[in-house]
**Q** 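The structure follows.
So you know, we letter chains A, B, ... as the sequences are listed, proteins then strands, and number each from 1.
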2 protein chains.
Amino acid sequence: MSAREKILDTALKLFNDKGTAAVSTNHIAEAAGISPGNLYYHFRNKEEIIRELFQRLNTTWETYQPLPQDRAPIINDLEAVIKSNYQIIWQYRFAYRELVALLRQDAELRANFLAVRQRGYEGFHQLLHTFSDAGAIRLPDDPQIANELQEICWLISEFWLTSLEVNGRKVNEAEMQRGVNLIRRVIQPYLA
Amino acid sequence: MSAREKILDTALKLFNDKGTAAVSTNHIAEAAGISPGNLYYHFRNKEEIIRELFQRLNTTWETYQPLPQDRAPIINDLEAVIKSNYQIIWQYRFAYRELVALLRQDAELRANFLAVRQRGYEGFHQLLHTFSDAGAIRLPDDPQIANELQEICWLISEFWLTSLEVNGRKVNEAEMQRGVNLIRRVIQPYLA
DNA sequence: ATACTCCTAGAGTAAATACTCTAGGAGATA
DNA sequence: TATCTCCTAGAGTATTTACTCTAGGAGTAT
């Protein structure tokens, strides 16, 4: 593995474990088994490492194809989508825990992340209508109600893992399933 | 105002504005218009200041009486409760934004906060049953479903403001009302 | 062989940060 | 007046942090 990759992997692990504020570039270099000078050869500073990690995260969001392309989606596919979301968020949990602070202190980071997130939100909108067209759910006629439901589901999927961590719960398959159940509970009154 | 109060008020403001990591004790002292030595006369370190702010927050949660005591509650009272919650969370928003990190690095803080939060959660449980008994809502017979609904409402009320901030929205009365509407949307299918 | 590019180590530095220490002022009490 | 407690200022220090600089190794092209 190249030094650059080692730095990014190590930084991600340390950030997830201790938070960005508690991890210095020297810590990262030491944990990655390289010299500080070498780290600064590959990255200008800590901010740039964070940016690169967000770039990886963005790429993950943009490339993953959650739905099967060969048939119409059924309601269980929605569960699979949500679980995939949780997996990704858990992989980059430092980012979601510290989102407000990280986005505030780096305008470029903010712009990129929000653009990708916006596309994700629109994709989710599409997804719901795909399910609706396929007859899996019955969206309310009032589009504002549908929007509110979507907003609730989005909020749960974005903050469920953080909420688990606040409660001091281990994050595992079963807890993720509970998060899926909550979202299911929200749309349950609107199932076909 | 005493120096101690000045320190706490200033720290709260700076933490809310810039996050705890970006604010040093020297910053706090300077912004409060006192000397660093004086700050350290009143507090052993930054951690102790944060603890004291959490203590204030805990006291706020424990003392506020959201419901009118002189009559049975109606559904609009629930809105008032949620709005009060948002006000308190907004006042101490640094805490809710950085909750995972702050609780992890201070076991005592964690224990106190979670205990108060647990009582709040139980109070919310009571509240829902009070509404149910008063005929304002009709909770589902299956207690697990009722619990899931409660969990969803709790998650929204705890993370709605953070979600607004991530979206770059100004936090104001109207946006708080939208957060209230989302919770209302969750329980709407179960209104009497 | 020479040179050139890419990468790496590690010593070194300026600034920031958390925290200490000493000297002393203000007001109450003896 | 003397003393005692409580509070305050501000200089000073050890450590950490971000970041720089120089010397050189490993391949590859000439």
Side-chain angles (χ1 to χ4, degrees), chain A residues 1-56 94-95 97-98 101-110, chain B residues 1-56 94-95 97-98 101-110:
Chain A
M1 187 165 42
S2 74
R4 190 184 159 82
E5 294 295 306
K6 249 190 296 187
I7 292 166
L8 289 171
D9 288 357
T10 306
L12 177 59
K13 181 168 170 14
L14 291 178
F15 290 162
N16 280 341
D17 283 355
K18 305 176 198 286
T20 56
V23 176
S24 73
T25 51
N26 293 354
H27 288 143
I28 298 171
E30 194 188 343
I34 63 167
S35 64
N38 195 1
L39 184 146
Y40 277 92
Y41 174 80
H42 290 286
F43 297 95
R44 210 194 320 235
N45 49 37
K46 196 165 102 177
E47 195 180 14
E48 201 173 289
I49 297 176
I50 293 173
R51 272 192 195 175
E52 190 59 37
L53 287 175
F54 265 81
Q55 194 50 52
R56 280 190 178 187
F94 84 93
R97 286 187 205 131
E98 305 177 28
L102 292 175
L103 296 187
R104 168 147 25 180
Q105 70 198 34
D106 186 337
E108 188 186 322
L109 191 75
R110 172 180 187 79
Chain B
M1 185 164 43
S2 74
R4 188 184 161 82
E5 293 296 306
K6 248 190 296 186
I7 291 167
L8 289 171
D9 288 356
T10 307
L12 177 59
K13 182 169 169 12
L14 291 179
F15 289 161
N16 280 341
D17 283 356
K18 303 177 200 287
T20 56
V23 176
S24 73
T25 51
N26 291 353
H27 288 143
I28 298 171
E30 194 188 343
I34 63 168
S35 65
N38 196 1
L39 183 145
Y40 277 90
Y41 174 81
H42 290 286
F43 297 94
R44 209 195 318 236
N45 49 36
K46 197 165 103 176
E47 196 179 15
E48 201 173 290
I49 297 175
I50 292 174
R51 272 192 193 173
E52 190 60 37
L53 288 175
F54 265 80
Q55 194 49 53
R56 279 190 179 187
F94 84 94
R97 285 188 205 131
E98 305 178 29
L102 293 174
L103 296 188
R104 169 146 25 180
Q105 70 196 36
D106 186 337
E108 187 187 323
L109 191 74
R110 173 181 187 79

**Q** If you compare every side-chain N and O of S35(A) against the phosphate oxygens of dA9(C) (OP1, OP2), does one of them come in below 4.0 Å?
**A**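 For dA9(C), OP1 or OP2 has a side-chain N or O of S35(A) closer than 4.0 Å.
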**Q** Which whole-number value in Å describes the distance from I28(A) CD1 to dA18(D) P?
**A**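 My rounded result for the distance is 8 Å.
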**Q** Taking all atoms of both residues into account, what is the closest heavy-atom pair of I7(A) and I49(A), and its distance?
**A**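 Smallest interatomic distance, heavy atoms only, reads CG2-CD1, 4.0 Å.
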**Q** Between NZ of K6(B) and CD1 of I28(B), what distance do you get to the nearest 0.5 Å?
**A**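 The distance works out to 14.0 Å.
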**Q** Which side-chain N or O atoms in residues 13-21 of chain A pair as donor and acceptor under 3.5 Å with protein atoms at least two apart or in another chain?
**A**
unit_1 : atom_1 : unit_2 : atom_2 : d
K13(A) : NZ     : D17(A) : OD2    : 3.2
N16(A) : OD1    : R93(A) : N      : 3.4
N16(A) : OD1    : F94(A) : N      : 2.9
N16(A) : ND2    : L12(A) : O      : 3.4
N16(A) : ND2    : Q91(A) : O      : 3.0
T20(A) : OG1    : E98(A) : OE1    : 2.4

**Q** Looking at Y41(B), I'd like to know whether one of its side-chain N or O atoms comes within less than 4.0 Å of OP1 or OP2 on dT8(D).
**A**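 For dT8(D), OP1/OP2 do not have a side-chain N/O of Y41(B) under 4.0 Å.
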**Q** Atom CD of E30(A) to atom P of dT17(D): distance rounded to whole Å?
**A**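 Atom CD in E30(A) sits about 11 Å away from atom P in dT17(D).
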**Q** Provide the closest heavy-atom pair for D9(B) versus R56(B) in the form atom of the first, atom of the second, distance.
**A**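 The pair with the smallest heavy-atom distance is OD1-NH1, 3.1 Å.
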**Q** Does CD in E5(B) sit with more than 12 non-hydrogen atoms of other residues, nucleotides or ligands closer than 6.0 Å?
**A**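 Yes - once you tally the heavy atoms of other residues, nucleotides and ligands closer than 6.0 Å, there are more than 12.
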**Q** When you check every protein heavy atom under 4.0 Å of nucleotides 13-28 of chain C, what one-letter string (B, S, -) results, 5' to 3'?
**A** ----SBBBB-------
**Q** Rounded to the nearest 0.5 Å, what's the gap from CG on L39(A) to CD on E48(A)? Could you check?
**A**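 These two atoms lie 10.0 Å from each other.
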